[in-house]
Each structure stands twice: as C-alpha cells, then as structure tokens.
2 protein chains.
Amino acid sequence: MSKKLPIDFLDERLNQQLAKTGLRFTVQRRHVYSVLLAKRDHPSAEEVFIRAKEKMPDISMATVYNCLDTLVQCGLVRQVNHERGATRYCSNMAEHHHFYCDECGGAFDIDAEPGSGQPEIHMPPGFVMNHFEITLRGLCPECAAKQTGVRRSVSSSAP
Amino acid sequence: MSKKLPIDFLDERLNQQLAKTGLRFTVQRRHVYSVLLAKRDHPSAEEVFIRAKEKMPDISMATVYNCLDTLVQCGLVRQVNHERGATRYCSNMAEHHHFYCDECGGAFDIDAEPGSGQPEIHMPPGFVMNHFEITLRGLCPECAAKQTGVRRSVSSSAP
DNA sequence: TCAATACTTGTAATTATTCCAATTACAATC
DNA sequence: GATTGTAATTGGAATAATTACAAGTATTGA
C-alpha cells in the first residue's frame, strides 16, 4: 500500500488537467487514461472496459463511462462518432483527421499538416466557427492491397 | 391506384435511383423522401416518422427506418452522425459541409465552394480516399447574437 | 389470374448509454 | 488519528435508438 508510483508524464498531465477543473485524481481515471494511451485505435467504451478490466478487474462499466466523460471534459481525450456504432475515444490531441476504412472498419489518425489551418470554407455571415473536423473514408493500406492484388473478389465471404 | 400523380422531379429521381438497384417504388418510400425534401433540417428517424405520419398516419417506425436505409442505399439521402444522439438524415446531395451549433444543437448546411476540391491533406502511402467530410462546430447566427449581447438584429430566418 | 417475391407492419430483442441510490475513498480539519 | 463533508465508484435499473423477425399485404411478371 505504499509503493509510490513514479510520477510520469501520464500522471503529471492527468493531474494537471484534473486540477484545472477541480476534479480528483483517482486510480480508475488514471487507469482508463492509460488504457487509451496504450493502444490508440479509438476503442469504444466497451472496449475500454474490457481492456481496463485486465489489470483492474473490479472496475465497472459505469465508471468507465464516467472516467471517459471526465477525460473528455478536461481535454485529455476526444470523442469521435462515426456511423451508427458506439462512440469511440481518441487520446491523440494533436491536430489530426480521422480515416475510417470502409472495408474493415478500422480507424486511423491522419496527421494534419502543421499550420495548414482550416480549409477554405466560405462561412455564411453570422456563424461563429469554434472547431472543425475532417473525416475521411476509403480503404486502409491493408484492405486496398487486398482489393487490387487479389482480383476483385466480388463474391467474397459473407461478413 | 387510380389517381395518377404527376411524375415530378421527386418521383423521377426516386424511380430512377430505385430502379438502378432493383428496388421498387412504393408510396412509403416516396413519402419519406418527400418529407426529407420538404424541410432540410437533418431530422432524426423519429422526427421523420412524426412528420411522415401527418399525411400518412398508418406508416410505422419500422418502415421509416427501412425507407431511410433504402434512400441512403440508392444515393438519394445521406446519413449524418453527430455526437451521441440519433442518426440524422440529409437530402442535400450537393457537395457541402455540416455545421452544428453547440448551443441549440441545430444543424446547418454550409455550401462547399464549387471546385474547391478536397483540403490539402497529406495521406500516408497506401490509403485510398473515397470520400471526405468536413464537420464544423460553433454557434449559429442566432445563438451567436444572443451570446454577444447583440439583440436579434442581423440574424433573421429561423431554421 | 396466380404465383413469386418485395415491402410493410407490429412487436420483440438488442445495443449503447444514462440515471440513481448506496457505498466507498479522499482531503481537510479537529 | 478520528471526524466530516464531498466527490467518485459501483451495480443495477431505466431509457433511447436501432435492428431483427414473423406474418400479412402489395406488386410484378408470366
């Protein structure tokens, strides 16, 4: 009960951001955040729950939802919604876009050109834009290779 | 059965697109499509259902979902997902972006500059991009006016 | 007209998420 | 170190959105 974890970058950042909003540092929040940082494949809340349970078997789904919300609130994680499925969570806060593969459903981060700023969009008068997001769709390298390499498998195995 | 409706643009387009995919023209599909064209405010499935019931009281929720799926399938309507809420449907197939008001939740179409093409994004090798979408967030004219204390002056037409 | 098939309908089931009330943990103070 | 007020966690119930299914109805083509 006394092993002091080294205050690494994760803790520091988390602590800092939580403090800003008057929220507490808890082991659950820390753990959920570490799960998101460990594998940045935009997991859904349920996937986070499953991964979190590996090292923290008693954590509850409600807590995962709470922690994710907290992390989003304090600006360490962002929520991404794509298609009809569950909301997904992304711990990459650098400016980037999201690419979704139509074939395998995978999500990929596409770095934004630093300083590329916002695309040239002519906003009608009166609108105040705070945020923009570019979502790309198509085929990821793996799926693209399959489609062109092997002849177009029109009657591929049922999904 | 008896009264032949004039084949207007709606019917023509719908028929054409349905035929392409081997789907049938039905009164429910026509009606759901007309609801989407009548008010282009990106209604959710449930809102479509409510509006559709006005003139077709017997239509069911299941049919609305089916029809919406069909319309999306045959390229007359697109699905837009924003935040956690319900999926919304948009009948504007011209190239445009979506603006969501953080305050009132309203959705607005922002026309893309014709020929502006896609934003300059450096895709990592191997990715095949088929589609991109820009989502904007901020304040709509009405909510922006309220926030700055400016009375409802410039912004006029409500959605 | 009749059969084949597509479509619609109502309902049940599923999925994703939120809500809530009861504990439990934490931080500050005595 | 005990006390206390507050915040966080927990499990389960509740809700919202969507999908699945089985039965009935409409439409098309022969």
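It should be emphasised that the depicted structure is a prediction, and the values quoted were computed from it without experimental measurement. Below, chain A is the first sequence line, B the second, and so on; all start at residue 1.
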Touch class at under 4.0 angstrom, heavy-atom based, for [X] against every strand present:
{"X": "A/Ala86", "result": "sugar-phosphate"}
{"X": "A/Thr87", "result": "sugar-phosphate"}
{"X": "A/Thr70", "result": "nothing"}
{"X": "A/Thr63", "result": "base"}

| message | Looking at A/Ser44, I'd like to know whether one of its side-chain N or O atoms comes within less than 4.0 Å of OP1 or OP2 on C/dA16. | response | no

| message | Does a side-chain N or O of B/Thr26 approach OP1 or OP2 of C/dT8 to a distance below 4.0 Å, or not? | response | yes

| task | With DNA chain D as reference, determine whether B/Asn66 or A/Arg29 sits nearer its 5' end, using the nearest nucleotide of each. | result | A/Arg29

| Nearest-nucleotide 5' precedence on DNA chain D, B/Glu46 against B/Val27 | B/Glu46

| message | Taking A/Asp109 first and then A/Arg40, would you say they form a salt bridge - that is, a charged N and a carboxylate O separated by under 4.0 Å? | response | no

| query | Is any side-chain N of the basic residue among B/Arg51 and B/Asp41 closer than 4.0 Å to the acidic one's carboxylate O? | reply | yes

| query | Can you name the nearest heavy-atom pair linking B/Ala144 to A/Gly126, along with the distance? | reply | CB-O, 3.8 Å

| message | Below 4.0 angstrom, which residues in residues 51-60 of chain B have at least one non-hydrogen atom near DNA chain C? | response | B/Asp58, B/Ile59, B/Ser60

Grab the [atom1]-[atom2] distance between [X] and [N] for me, whole Å please.
{"X": "B/Met61", "N": "D/dA16", "atom1": "CE", "atom2": "P", "result": "13 Å"}
{"X": "A/Asp69", "N": "D/dT9", "atom1": "CG", "atom2": "P", "result": "11 Å"}
{"X": "A/Arg24", "N": "D/dT9", "atom1": "CZ", "atom2": "P", "result": "10 Å"}
{"X": "A/Gln28", "N": "D/dT9", "atom1": "CD", "atom2": "P", "result": "5 Å"}
{"X": "B/Leu18", "N": "D/dA26", "atom1": "CG", "atom2": "C1'", "result": "16 Å"}
{"X": "A/Asn81", "N": "C/dT15", "atom1": "CG", "atom2": "P", "result": "19 Å"}
{"X": "A/Tyr65", "N": "D/dA14", "atom1": "OH", "atom2": "P", "result": "18 Å"}
{"X": "B/Leu68", "N": "D/dT19", "atom1": "CG", "atom2": "P", "result": "11 Å"}

| request: Could you tell me the separation between the SG atom of A/Cys140 and the CZ atom of A/Phe108, rounded to the nearest 0.5 Å? | output: 4.0 Å

| note | Distance col, row B/His98:NE2 vs B/His42:NE2, nearest 0.5 angstrom, shows 3.5 Å

| field | Ring geometry between B/His97 and B/Phe132 (parallel below 30°, tilted from 30 to 60°, perpendicular above 60°) | value | tilted

| Take atom CD in A/Glu46; do more than 12 heavy atoms of anything else shown fall under 6.0 Å from it? | no

